[in-house]
K.L.:
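Got a structure for you, questions after.
Being a predicted model, the structure only gives us computed values, none of them experimental. Hydrogens, waters and symmetry mates play no part in the numbers below; they use all other heavy atoms, side chains included.
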There are 2 protein chains.
Amino acid sequence: MNEEAVDIPCELQEETGFAYTLSRVSGKYKMIILYSLTGATPVVRFNELKRRLGKISFRTLSLTLKELESDGLIIRKEYPQIPPKVEYSLSQRGQSLIPVLDMMCEWGNIHSNDPLN
Amino acid sequence: MNEEAVDIPCELQEETGFAYTLSRVSGKYKMIILYSLTGATPVVRFNELKRRLGKISFRTLSLTLKELESDGLIIRKEYPQIPPKVEYSLSQRGQSLIPVLDMMCEWGNIHSNDPLN
DNA sequence: CGGAATCCTCTAAGATACTG
DNA sequence: CAGTATCTTAGAGGATTCCG
């Protein structure tokens with residue numbers, strides 16, 4: 001997992017926030033995690049999240065959630081009880097990405113049936 | 001480079017086109033390549049594209065462009081002359097991604113200055 | 001239950017050299 | 001100029017085990 005921004009030449013990097021956005025959402029599972037915190041059940045526990053994501057490993061899910069949290073995109077709420085309970089949800093900053101995620105989803109819905117796949 | 005869609009469990013995969021979109025735009029340089037074909041100079045030659053992208057290697061740029069072309073997102077126009085000349089541009093399908101790309105860029109512009117980076 | 005720690009695999013991407 | 005062909009490598013991600 002890369003904490004640094006992708007290295008982009010000046011012309012693109014200085015003029016746009018594109019590289020910044022990419023640095024926060026790129027990674028095999030980041031966007032799909034954010035997306036799965038959208039919708040009807042926006043507060044999800046660790047194992048439920050893992051179940052939703054399918055084949056992701058404990059390790060990768062854990063690391064990715066930490067990154068998303070330290071980037072301020074999700075909120076981790078821990079209940080000090082036994083057995084432990086931790087809930088993840090989108091922060092306000094994370095919620096501001098929802099329009100982008102929705103748009104990507106819609107693009108896929110439209111174009112996955114194009115003659116040219 | 002992966003030709004197959006990311007493996008997503010049924011609940012997410014069947015209901016949404018999100019996984020489909022991800023499978024077409026994920027990769028270290030795909031989105032930034034698409035984005036760099038947006039804007040003032042939307043028809044770009046191979047080496048100029050390489051220059052714009054900075055540190056990408058010949059090999060990676062070549063492979064990525066092939067994938068984008070076979071996914072119908074960009075158009076490759078070859079001029080049979082010596083020295084060779086090849087121009088890349090967004091297809092209609094690729095242009096339909098511009099709103100998503102613009103939104104991502106704008107999100108970065110807004111949030112790269114947040115107190116929480 | 002929700003992880004952390006350890007070790008390991010695999011592939012996307014890089015470096016370099018060459019060519020029509 | 002616009003690529004291929006080889007070979008190499010980093011590091012993201014997986015599998016397994018252990019813990020409070």
K.L.:
Is the side chain of B:T16 donor-acceptor paired with the backbone N or O of A:C105 at a distance under 3.5 Å, no angle test?
P.N.:
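No, because the side chain of B:T16 does not come within donor-acceptor range (under 3.5 Å) of the backbone of A:C105.
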K.L.:
Please give me every residue in residues 82-89 of chain B whose heavy atoms get under 4.0 Å of an atom in DNA chain D, ordered by residue number.
P.N.:
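Those residues are B:P83, B:P84, B:K85, B:V86, B:Y88.
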K.L.:
Are side-chain heavy atoms of B:L37 and B:V43 found at a separation under 4.5 Å?
P.N.:
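No. Closest side-chain heavy atoms not under 4.5 Å.
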K.L.:
Using atom names, set out every protein N or O paired with an N or O of nucleotides 14-17 of chain D below 3.5 Å, distance rounded to 0.1 Å.
P.N.:
residue : atom : partner : partner atom : Å
D:dG14  : OP1  : A:Y29   : OH           : 3.1
D:dG14  : OP2  : A:S57   : OG           : 3.3
D:dG14  : OP2  : A:T60   : OG1          : 2.9
D:dG14  : O6   : A:R59   : NE           : 2.8

K.L.:
If I take atom CD in residue A:E78 and atom P in nucleotide D:dG20, what distance separates them, rounded to the nearest angstrom?
P.N.:
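It works out to 15 Å between those atoms.
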K.L.:
Can you see if the side chain of B:R76 gets near the phosphate of D:dG3 - specifically, an N or O under 4.0 Å from OP1 or OP2?
P.N.:
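Yes, because at least one side-chain N or O of B:R76 sits under 4.0 Å from OP1 or OP2 of D:dG3.
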K.L.:
Does any pair with a residue in residues 49-108 of chain B pass ring-ring contact (aromatic ring centres under 6.0 Å, His included), and if so which ones, sequence neighbours excluded?
P.N.:
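Output for this query lists B:W107-B:H111.
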K.L.:
Applying salt bridge (Lys or Arg N to Asp or Glu O under 4.0 Å), name anything that partners B:R76, two or more places apart in sequence or on another chain.
P.N.:
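B:R76 satisfies salt bridge (Lys or Arg N to Asp or Glu O under 4.0 Å) with B:E78 only.
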K.L.:
What is the separation between atom CD1 on A:I74 and atom P on C:dG2, rounded to the nearest whole Å?
P.N.:
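For the pair A:I74 CD1 and C:dG2 P, the rounded distance is 14 Å.
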K.L.:
Using a strict cut-off of less than 4.0 Å between a Lys/Arg side-chain nitrogen and an Asp/Glu carboxylate oxygen, indicate whether A:E48 and A:R51 qualify as a salt bridge.
P.N.:
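Counted as a salt bridge, because a side-chain N and a carboxylate O are separated by less than 4.0 Å.
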K.L.:
Indicate yes or no for a side-chain donor-acceptor contact from B:N109 to the backbone of A:G17 under 3.5 Å, with no hydrogens or angles considered.
P.N.:
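Side chain of B:N109 to backbone of A:G17: a pair is present.
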K.L.:
Let me know the distance between CD of B:Q81 and C1' of D:dC1, rounded to the nearest Å.
P.N.:
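So the CD-C1' distance, B:Q81 to D:dC1, works out to 9 Å.
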K.L.:
Can you tell me how far P of D:dC1 sits from CG of B:L65, to the nearest Å?
P.N.:
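For the pair B:L65 CG and D:dC1 P, the rounded distance is 17 Å.
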K.L.:
Any sub-3.5 Å donor-acceptor pair from B:R93's side-chain atoms to B:D71's backbone N or O?
P.N.:
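Yes, because the side chain of B:R93 sits within donor-acceptor range (under 3.5 Å) of the backbone of B:D71.
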K.L.:
Please report the end-to-end axis angle for the helix from C:dC1-D:dG20 to C:dG20-D:dC1, five pairs per end, rounded to 10 degrees.
P.N.:
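Comparing the axis at each end, I get an angle of 60°.
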K.L.:
Calculate the interatomic distance between B:Y79 atom OH and D:dG3 atom P; express it in whole Å.
P.N.:
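These atoms are roughly 13 Å apart.
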K.L.:
Take the protein atom CG of A:L63 and the nucleotide atom P of C:dT6, then report the distance between them rounded to whole Å.
P.N.:
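Going from A:L63 (CG) to C:dT6 (P), I get 14 Å.
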K.L.:
If you only use heavy atoms from C-beta on, which nucleotide in C:dA4, C:dG2, D:dG3 is closest to the side chain of A:K66?
P.N.:
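The answer is C:dA4.
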K.L.:
Under 4.0 Å between a side-chain N/O of B:N47 and OP1 or OP2 of D:dA2, yes or no?
P.N.:
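Looking at the OP1 and OP2 atoms of D:dA2, one of them is under 4.0 Å from a side-chain N or O of B:N47.
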K.L.:
For residues 79-92 of chain B, which residue pairs pass the salt bridge (Lys or Arg N to Asp or Glu O under 4.0 Å) check, not counting sequence neighbours?
P.N.:
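Pairs touching residues 79-92 of chain B that pass the test: B:K85-B:E87.
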K.L.:
Could you tell me how far apart B:I32 (CD1) and C:dA13 (P) are, to the nearest whole angstrom?
P.N.:
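For the pair B:I32 CD1 and C:dA13 P, the rounded distance is 14 Å.
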K.L.:
For the pair B:I75 and B:E69, evaluate side-chain contact (heavy atoms from CB on, under 4.5 Å) and give the outcome as yes or no after the intermediate values.
P.N.:
CA-CA 6 Å; B:I75 292 172; B:E69 188 195 6; over 6 Å; no
K.L.:
Quick one: does A:L68's side chain get under 4.5 Å of A:K30's, heavy atoms only?
P.N.:
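A side-chain contact exists here, since the closest heavy-atom pair is under 4.5 Å.
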K.L.:
Output the rounded distance in Å from CG (A:L49) to C1' (C:dG3).
P.N.:
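My rounded result for the distance is 13 Å.
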K.L.:
Within a reach of under 6.0 Å around CD of B:Q81, are more than 12 heavy atoms found that belong to other residues, nucleotides or ligands?
P.N.:
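Yes, the 6.0 Å shell around CD holds more than 12 heavy atoms from other groups.
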